[in-house]
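Working notes, structure below.
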Amino acid sequence: MDRVRVRFAPSPTGYLHVGGARTALMNYLFARHHGGVFVLRIEDTDLERSSRELEEQLLDTMLWLGLEWDEGPRIGGAYGPYRQSERIDIYKRYAEELVKSGKAYRVYASPEEIDQVRERLVGSGRPPHFSFEDFQEYMTPEREKEYNERGENPVIFFKMPRKAYRLADLIKGEINFKEGSIGDFVILRSNGLPTYNFACVVDDHDMEITHVIRGDDHLSNTLRQLAIYEAFEWEPPRFAHVSMILAPDGSKLSKRHGAVSVEEFAKQGILPEAMVNFLALLGWSHPEGREILSLRELIESFDLDRVHSSPAIFDVKKLYWMNGVYIRNCDIERIAQLVVPYVASSGLMTKDQIDANIKWFKAAVDAVRSSVELLSEFPDKLRIFLEEPEIPEDIIFQIKEKGLRQIFQELQDGLASLENWTPEAISSAIKKVLKDFKVDRKDFYKSLRKLLTGAEEGPELLNVIYLLGRGKVLKRLEKVKSQA
RNA sequence: GCCCCCAUCGUCUAGCGGCCCAGGACACUGGCCUUUCAAGCCAGAGGCAGGGGUUCGAAUCCCCUUGGGGGCGCCA
């Protein structure tokens with residue numbers, strides 16, 4: 001087999017949808033696994049909806065995911081340009097070639113007129129499939145002259161052969177398209193730009209793409225593209241159609257189902273490796289059933305033969321769980337850095353305050369990370385260390401009621417006289433008072449927690465005491481004494 | 001309407017004719033651990049859409065039905 005060359009070809013018309021991200025990932029993994037080339041091509045022939053800003057954002061998101069391309073925007077390559085808007089002469093030339101060989105034809109008609117033809121077809125009970133004969137009145141020399149004088153361009157239609165096509169899809173298996181299932185279609189628009197199906201074929205051929213891995217919403221496009229390859233007598237690439245990602249209700253995943261773009265998940269605090277790992281498992285499985293896999297491991301074990309063909313529902317709960325796994329296992333230096341912007345924008349601490357207390361910050365992040373699935377949940381968990389809690393009034397009463405007053409005072413003294421404020425020192429101070437006073441340990445710990453944080457649950461108490469700092473702890477302990 | 005794709009626990013999936021009275025993961029339930037919550041560990045409940053074939057034998061192969069999805073644009 002020749003060297004593998006695959007491509008991801010998004011249109012910069014919005015954020016990177018998770019479905020697109022998965023397609024990109026599979027192309028990337030396939031290329032890397034086979035030591036091939038991963039090309040990024042920008043399909044920006046829809047002038048209305050494409051923008052350069054969105055393209056930049058798209059590229060940044062790709063890099064955030066860790067999907068570096070070998071050829072494409074920003075870095076170029078031997079097969080460029082990689083933006084379709086910069087290749088329009090190429091498409092024109094190829095379209096012209098098809099017209100010359102009689103495999104395509106010019107139609108001097110407006111979109112409205114073509115709509116009328118379609119309506120006429122449907123009205124007479126025929127499927128909306130155009131053919132050469134339907135456009136006779138728009139192909140007259142008079143029409144052509146009219147167009148030339150006005151400086152307008154005709155559209156170029158491709159003559160779709162009325163024959164059956166067969167596709168050996170790498171994922172779906174053999175697919176048969178019946179004869180006459182579609183009609184002639186536009187390959188070059190009146191504004192001189194190519195349509196998707198045409199540009200796609202021309203580029204894939206010129207860029208020597210060997211494998212086209214894309215969503216199966218393109219399956220019916222493949223029929224058209226196969227016909228174009230045939231018209232040029234080009235050898236088509238191998239196709240692999242991955243099934244779509246669906247919403248929980250089984251419909252197409254869209255904005256009304258919540259977050260659907262990689263950017264949104266990134267904002268929520270999904271780590272890129274969790275996003276990648278989760279997406280890889282949507283439609284693909286590891287040979288040994290492993291689920292937590294790094295990019296490296298994915299590259300190592302990924303191949304098309306384990307991609308299966310049924311659609312997958314996007315289960316955000318599992319994504320969150322997986323992200324929690326990554327948050328727990330992440331290097332503390334890195335996780336702390338990732339949490340910084342979330343805490344800063346919450347107003348709990350400024351960036352400078354964090355920098356000035358970075359050791360403390362890391363310990364705090366470490367103390368709460370096991371209860372978090374998203375980076376955005378950190379500020380709320382860190383709050384107990386930073387804000388004055390509301391201590392329930394009755395806690396002092398309860399402490400006295402349970403006969404804990406003395407031990408609390410003893411603890412206060414013990415903590416106050418500690419030489420170093422370290423978890424170890426705090427721990428031994430607690431052990432000491434616990435030895436001196438015969439109290440119910442459960443009562444003691446629970447009451448202490450409530451007195452210090454106002455809550456009945458939270459991180460390990462020793463951590464809480466240490467991270468709260470001596471000042472706050474002593475002050476809260478003081479209440480027991482003063483309200484005696 | 002026409003064309004195409006898909007169908008294993010609620011969800012992601014393993015399974016590619018006997019190893020399956022179907023295995024794993026998330027979620028769920030119970031227990032253990034723990035000062036609490038979380039994490040972790042253990043256990044449990046839960047599925048081959050339906051009907052026909054083929055075969056000694058079918059979740060696995062074929063056909064039909066049903067259900068879901070995609071497409072039928074001078075969008076990609």
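We name chains A, B, ... by the order of the sequence lines, and we start the count at 1 in each one. Predicted model only: the values in this text are computed from it and were never measured.
Side chain of A:E43, nearest nucleotide from B:A76, B:A14, B:C26: B:A76. Side-chain atoms of A:E291 lie closest to B:G24 of the nucleotides B:C74, B:G24, B:U11.
Across every strand in view, B:U29 sits in a pair with B:A43 that passes the Watson-Crick or G-U test at under 3.5 angstrom. A 3.5 Å limit on both hydrogen-bonding distances identifies B:C72 as the Watson-Crick or G-U partner of B:G1. Using the Watson-Crick or G-U wobble rule with both distances under 3.5 Å, B:A7 pairs with B:U66. Within the shown strands, nothing qualifies as a pairing partner of B:A59 under the Watson-Crick or G-U definition with both distances less than 3.5 Å.
In terms of the side chain to side chain donor-acceptor pair (under 3.5 Å) criterion, residue partners of A:D380 (sequence neighbours excluded) are, by chain and number, A:R383. Scored by the side chain to side chain donor-acceptor pair (under 3.5 Å) test, A:N463 finds no partners at all (sequence neighbours excluded). Remark: A:E300 engages no residue in a side chain to side chain donor-acceptor pair (under 3.5 Å) (not counting sequence neighbours).
For A:R22, no side-chain nitrogen or oxygen approaches OP1 or OP2 of B:C12 to under 4.0 Å.
Counting only N and O atoms by type, the side chains of A:S131 and A:K159 include no donor and acceptor under 3.5 Å apart.
Residues A:M62 and A:Q57 have side chains not in contact (no heavy-atom distance under 4.5 Å, counting atoms from C-beta outward).
Evaluation of atom-type donor-acceptor distances gives a pair under 3.5 Å for the side chain of A:N221 against the base of B:A76. A donor and an acceptor atom sit less than 3.5 Å apart, one in the side chain of A:K318 and one in the base of B:A25.
Taking CZ of A:R441 as the reference point, atom CG of A:L434 lies at 4.5 Å (rounded to 0.5 Å).
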Notebook entry, point to check: Going 5' to 3' along nucleotides 30-50 of chain B, which nucleotides have protein heavy atoms under 4.0 Å from the base (write B), which only from the sugar-phosphate (write S), and which from neither (write -)?
Noted result: -----BBBBSS----------
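Shown for residues 105-121 of chain A: residues whose heavy atoms fall under 4.0 angstrom of RNA chain B, namely A:A109, A:S110, A:P111, A:I114, A:R118.
If you take CG of A:D315 and P of B:C26, they are 11 Å apart, rounded to a whole angstrom.
Along RNA chain B, the nucleotide closest to A:V307 and the one closest to A:A9 are compared, and the more 5′ of them pairs with A:V307.
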Using nucleotides 1-8 of chain B, report all nitrogen or oxygen pairs with the protein that are shorter than 3.5 Å.
unit_1, atom_1, unit_2, atom_2, d
B:C4, OP1, A:N176, O, 3.4
B:C5, O2', A:K172, NZ, 2.7

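Rounded to the nearest Å, the gap between the P atom of B:A76 and that of B:U13 is 30 Å.
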